[in-house]
Student: 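Quick one: structure below, then a few questions.
The first residue in the sequence is number 1, and the count goes up from there. Model, not experiment: these values are computed from the prediction.
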Amino acid sequence: MKIKEIRDKQTAAIELETKDLQKHLFDLRTQAVTEKLENPSLLRKTRKDIARMKTILRERQLAEKNGQAKKQPQKPTVKVKKVKRPKLPRTTKSQGKKERRSTSK
């Protein structure tokens, strides 16, 4: 199912279809376990359809909240400066071995 088709539907219809797809996904998983699933790609397609529907439902929830949130003042943003850290000199393996040898004597 395409995202455009989902957006054209009402919220209640999307919720109903999401529940139906979740039941269908459960059935597909059961078939996959019992090795009776003919088309394994249906699992992935169904999961993605559910995700698309949930995404649109969440977008609609946020759109409702943003309509109410515009009345509330927002906090001022604070800019944080990045601090440059000094680069430390790299040591090679041979340098470390020389130091260990000289300290052990």
Side-chain angles (χ1 to χ4, degrees):
M1 181 175 292
K2 295 191 178 184
I3 200 94
K4 190 174 183 179
E5 296 171 1
I6 300 171
R7 287 184 199 269
D8 292 338
K9 294 182 180 184
Q10 293 180 356
T11 305
I14 295 173
E15 289 173 351
L16 261 175
E17 195 166 344
T18 303
K19 288 180 184 178
D20 290 339
L21 281 176
Q22 287 175 338
K23 289 177 185 176
H24 181 64
L25 181 62
F26 178 78
D27 293 337
L28 289 174
R29 285 181 179 156
T30 306
Q31 290 175 8
V33 170
T34 59
E35 298 178 3
K36 293 182 180 178
L37 185 61
E38 294 177 14
N39 190 357
S41 67
L42 286 177
L43 285 167
R44 186 175 188 177
K45 289 177 184 176
T46 307
R47 278 198 326 255
K48 288 193 175 201
D49 285 342
I50 292 170
R52 286 185 192 106
M53 289 182 187
K54 285 186 174 183
T55 300
I56 291 177
L57 288 173
R58 181 67 179 151
E59 285 175 356
R60 290 182 182 179
Q61 285 178 350
L62 292 176
E64 289 176 9
K65 285 185 181 180
N66 285 340
Q68 297 170 358
K70 289 181 181 177
K71 297 175 186 176
Q72 299 173 355
Q74 295 180 352
K75 294 181 182 179
T77 58
V78 179
K79 292 185 179 179
V80 179
K81 291 183 180 179
K82 291 185 178 180
V83 178
K84 291 186 178 180
R85 295 182 184 186
K87 291 186 177 181
L88 299 175
R90 290 188 167 196
T91 58
T92 61
K93 290 182 180 179
S94 61
Q95 288 176 340
K97 288 179 182 177
K98 289 178 184 175
E99 291 174 6
R100 280 187 244 141
R101 289 181 187 161
S102 63
T103 57
S104 62
K105 290 183 179 180

Student: Measuring from M53:CE to K19:NZ, what's the distance to the nearest 0.5 Å?
Tutor: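 Here the interatomic distance stands at 13.5 Å.
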
Student: Excluding sequence neighbours, so at least two apart, what forms side chain to side chain contact (heavy atoms under 4.5 Å, CB included) with I3?
Tutor: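 Result, side chain to side chain contact (heavy atoms under 4.5 Å, CB included) vs I3: R7, R52, I56.
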
Student: Test of understanding: with side-chain hydrogen bond (donor to acceptor under 3.5 Å, both in side chains), list the residues that count as partners of D8, not counting sequence neighbours.
Tutor: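 By the side-chain hydrogen bond (donor to acceptor under 3.5 Å, both in side chains) rule, D8 matches no residue at all.
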
Student: Measure the OG1-CD1 distance between T55 and I6 for me, rounded to the nearest 0.5 Å.
Tutor: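 Here the rounded value is 8.5 Å.
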
Student: Anything under 3.5 Å between a donor and an acceptor, one on a side chain of residues 20-28, the other on a protein residue two or more places apart or in another chain? List them.
Tutor:
none

Student: Less than 4.5 Å apart, side chain to side chain, heavy atoms only: is that true for E15 and T11?
Tutor: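 The answer is yes, as the side chains (C-beta and beyond) meet within the 4.5 Å cut-off.
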
Student: About how many Å separate CD of Q10 and CG of L16, when rounded to the nearest 0.5 Å?
Tutor: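 The CD atom of Q10 is 11.0 Å from CG of L16, to the nearest 0.5 Å.
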
